[in-house]
Amino acid sequence: MSKIGFLTDSCSDIPQELAEKYGIEIIGFPINLDGTEYIELKDFTNDQFYKMMREAQNVPTTAAITQLQWCDIFARYVDEGYTDLVYVSINGGGSSTYNNALKAVELLADERPGHTMKIQIIDSHTYSMAYGWGLCDCARKVRNGGELSVCVEELKKWLDCAEICLAAYSLKQMKKSGRVSAAAAVVGDLLGIRPIISLNAGVSKVESKVRGDAAVPAAMIKWVESRVDSMKDTPYLVAYTSSTAKRDELVKLCKKAFGHAPLLVFQLGGVVSANTGPDGIALVYPGHPRHLEAYAPELP
């Protein structure tokens, strides 16, 4: 009889209640802030991390989950009698975590010689619930009796078109991390310039700039409209950080523009907000397929 495990990392931003509901284990990323290393999901809540960032002297940095850590995790699943394990990872182009997981499969052969657990390691090519939601949907279908191979193919189709539209209400964090110059950040904040950023296939790009917080949600929706065939047929998720007022305004405008409520409203976790800052909102939605070729095959 099959015993199937689902695994991801904390950059997926899957809320704990969904992880528990669908039986998904989430491995926390190490995040260093002002010389202290923390483990996401263990050492702070999202709201606590936003506060920590505002009070910190330096920008937070993240570290990869190591080969040895993955090997220990995979070995535990073998010892617990799992026949199949599916791990969906953070964008492999932005973190060595994905490659470390691949290498860990080789180490596992020495640690558990002769094991028969089938491991699928999938590079999401993206961040946050752009892959977290796909994994939740896959796990839900499997838990409800769906065939694993079919559900994984549907997950890959979601990943192949998942996009993110992000807006940062302050450029302070991006200035600290070097994503924008100090001069551009100062001028941008003084003038109230807010960048509208797309994140597709692991590549971020400033698509437009608007002046003032009030213009941000409409600009985000306008970008999504340019990326889909039909708003009313497009499922979407809303992400936020510390501002529930900005979250509520975005949800309100989205309901009108899409004609239906979001699949989920969730908080951006430490890995994403470490790069964007504690003041941001985002939309996750399926665009057009990109036909990505880098999905790893099933590993023995």
Problem - Exceeds 12 heavy-atom contacts within 6.0 angstrom, atom NZ of Lys222 - result: no

Handout entry: Cationic N near anionic O, under 4.0 Å, Asp279 to Arg54
Key = yes

Practice task
Measure the shortest side-chain to side-chain distance between Ile122 and Leu155 over non-hydrogen atoms and say whether it is less than 4.5 angstrom.
Solution key: yes

Fill in the blank from the handout: Closest non-hydrogen atoms of Ala167 and Val216, given as atom of the first, atom of the second and distance, are CB-CG1, 3.4 Å

Exercise for the section: Step through it carefully: locate the ring centre of Trp158, locate the ring centre of Tyr131, and say whether they are under 6.0 Å apart. Expected result: no

Problem - Where Ala101 and Ile121 come nearest, the two heavy atoms and their spacing - result: O-CD1, 3.4 Å

Problem - Contact summary for Ser89 and Ser124, nearest pair of heavy atoms - result: O-OG, 2.7 Å

Exercise for the section: Verify, without hydrogens or angle tests, whether Arg143 (side chain) and Tyr22 (backbone) share a donor-acceptor contact under 3.5 angstrom. Expected result: yes

Handout entry: Inter-residue atom distance Asp34.CG - Met53.CE, 0.5 Å rounding
Key = 12.0 Å

Handout entry: Heavy-atom closest pair, residues Val238 and Val251
Key = CG1-CG2, 3.9 Å

Practice task
Take Lys252 and Asp248 through the test salt bridge (charged side-chain N to carboxylate O under 4.0 Å, His left out) and record every step on the way to the result.
Solution key: CA-CA 6 Å; Lys252 177 183 175 182; Asp248 293 345; over 6 Å; no

Exercise for the section: Hey, can you tell me if Phe49 and Phe44 have their rings parallel, tilted or perpendicular (30° and 60° cut-offs)? Expected result: parallel

Practice task
Find out whether Met231 and Val228 are in side-chain contact, i.e. whether some heavy atom of one side chain is under 4.5 Å from a heavy atom of the other.
Solution key: yes

Exercise for the section: May I ask you to decide if Pro278's main-chain N or O and Thr241's side chain share a donor-acceptor pair within less than 3.5 Å? Expected result: yes

Handout entry: Side-chain donor or acceptor of Arg194 paired with backbone N/O of Lys209 under 3.5 Å
Key = no

Fill in the blank from the handout: Closest non-hydrogen atoms of Val206 and Pro195, given as atom of the first, atom of the second and distance, are CG1-CB, 4.2 Å

Problem - Between OH on residue Tyr77 and CZ on residue Phe6, distance to nearest 0.5 Å - result: 10.0 Å

Practice task
Flag yes if Leu107 and Trp70 sit in one hydrophobic cluster, no otherwise; membership is Ile, Leu, Val, Met, Phe, Trp, Tyr, and two members link when side-chain heavy atoms are under 4.5 Å apart.
Solution key: no

Practice task
Examine distances only and state if a side-chain atom of Glu163 and a backbone atom of Tyr285 form a donor-acceptor pair shorter than 3.5 Å.
Solution key: no

Practice task
Check the hydrophobic clustering (I, L, V, M, F, W, Y; side-chain heavy atoms under 4.5 Å; chains of links allowed) and say if Phe29 and Ile39 are grouped together.
Solution key: no

Problem - Side-chain (Ser204) to main-chain (Leu199) donor-acceptor, under 3.5 angstrom - result: no

Exercise for the section: Find the distance between OG1 (Thr62) and CG (Asn275) and round it off to the nearest 0.5 Å. Expected result: 6.5 Å

Practice task
Check the pair Asp47, Gln267 against side chain to side chain donor-acceptor pair (under 3.5 Å), reporting the backbone distance first and the verdict last.
Solution key: CA-CA 9 Å; Asp47 287 322; Gln267 277 191 311; 3.0 Å; yes

Problem - Nearest heavy-atom neighbours spanning His125 and Asp123 - result: N-OD1, 2.9 Å

Problem - Any side-chain heavy-atom pair of Leu85 and Met117 under 4.5 Å - result: yes

Practice task
Please confirm whether Lys246 makes a cation-pi placement over Tyr169, using NZ or CZ under 6.0 Å from the six-membered ring centre and within 45° of the ring normal.
Solution key: yes

Fill in the blank from the handout: Distance col, row Ile27:CD1 vs Thr97:OG1, nearest 0.5 angstrom, shows 11.0 Å

Problem - NZ/NE/NH1/NH2 to OD/OE distance under 4.0 Å, Asp84 and Lys3 - result: no

Exercise for the section: Kindly indicate, with the supporting measurements, whether the criterion side-chain contact (heavy atoms from CB on, under 4.5 Å) is fulfilled by Ile164 and Leu283. Expected result: CA-CA 6 Å; Ile164 301 172; Leu283 290 172; over 6 Å; no

Problem - Short side-chain to backbone donor-acceptor contact, Thr45 and Gln48, under 3.5 Å - result: yes

Exercise for the section: Answer with yes or no whether the hydrophobic clustering places Val203 together with Leu159; edges join I, L, V, M, F, W, Y residues whose side-chain heavy atoms lie under 4.5 Å apart. Expected result: no

Problem - Residues Glu17, Lys21: salt bridge by 4.0 Å N-O rule - result: no

Problem - Chi angles and distances behind the side-chain contact (heavy atoms from CB on, under 4.5 Å) call for Met129, Leu264 - result: CA-CA 10 Å; Met129 284 292 277; Leu264 182 72; 3.4 Å; yes

Problem - Thr83 vs Thr116, side-chain contact (heavy atoms from CB on, under 4.5 Å): CA-CA, chis, key distance, verdict - result: CA-CA 7 Å; Thr83 59; Thr116 58; over 6 Å; no

Practice task
Keeping the roles fixed (side chain from Ser273, backbone from Gly269), state whether a donor-acceptor pair exists under 3.5 Å.
Solution key: yes

Practice task
Would you tell me whether Tyr98 and Asp9 have side-chain atoms, one donor and one acceptor, within less than 3.5 Å of each other?
Solution key: no

Handout entry: Non-hydrogen side-chain atoms of Ser12 and Val88 separated by less than 4.5 Å
Key = no

Practice task
Keeping the roles fixed (side chain from His288, backbone from Asp229), state whether a donor-acceptor pair exists under 3.5 Å.
Solution key: no

Practice task
Return yes if some donor-acceptor pair links the side-chain N/O of Asn144 with the main-chain N/O of Arg140 below 3.5 Å, else return no.
Solution key: yes

Problem - Nonpolar side-chain network containing Val150, other nodes, edges under 4.5 Å - result: none

Exercise for the section: Side-chain contact test, heavy atoms from C-beta onward, threshold under 4.5 Å: evaluate it for Asp13 versus Leu268 and give yes or no. Expected result: yes

Problem - Approximate separation, where rounding is to 0.5 Å, of Arg76 CZ and Glu25 CD - result: 4.0 Å

Completion exercise
From the list Phe266, Tyr236, Tyr127, side-chain contact (heavy atoms from CB on, under 4.5 Å) partner of Val284 resolves to Phe266

Handout entry: Sub-4.5 Å side-chain heavy-atom contact between Leu41 and Ile26
Key = yes

Handout entry: Minimum side-chain heavy-atom gap Asp79-Arg112 below 4.5 Å
Key = yes

Handout entry: Beyond-backbone contact of Leu148 with Ser2, side-chain heavy atoms, under 4.5 angstrom
Key = no

Exercise for the section: Show the numbers, then the answer: is there a side-chain contact (heavy atoms from CB on, under 4.5 Å) between Ile24 and Leu18? Expected result: CA-CA 8 Å; Ile24 300 170; Leu18 288 185; over 6 Å; no

Fill in the blank from the handout: Rounded to the nearest 0.5 angstrom, the CG-CD distance for Leu68 and Glu111 is 8.5 Å

Practice task
Take Asp160 and Lys157, measure what salt bridge (charged side-chain N to carboxylate O under 4.0 Å, His left out) needs, and give me the verdict at the end.
Solution key: CA-CA 5 Å; Asp160 199 28; Lys157 288 179 181 178; over 6 Å; no

Exercise for the section: Return yes if a side-chain donor-acceptor contact under 3.5 Å exists between Arg227 and Ser198, otherwise no. Expected result: no

Problem - Asn91 and Thr126: side chain donor to acceptor below 3.5 Å - result: no

Exercise for the section: Say whether, by atom type as modelled, one donor and one acceptor occur between the side chain of Ser226 and the main chain of Trp223 under 3.5 angstrom. Expected result: yes

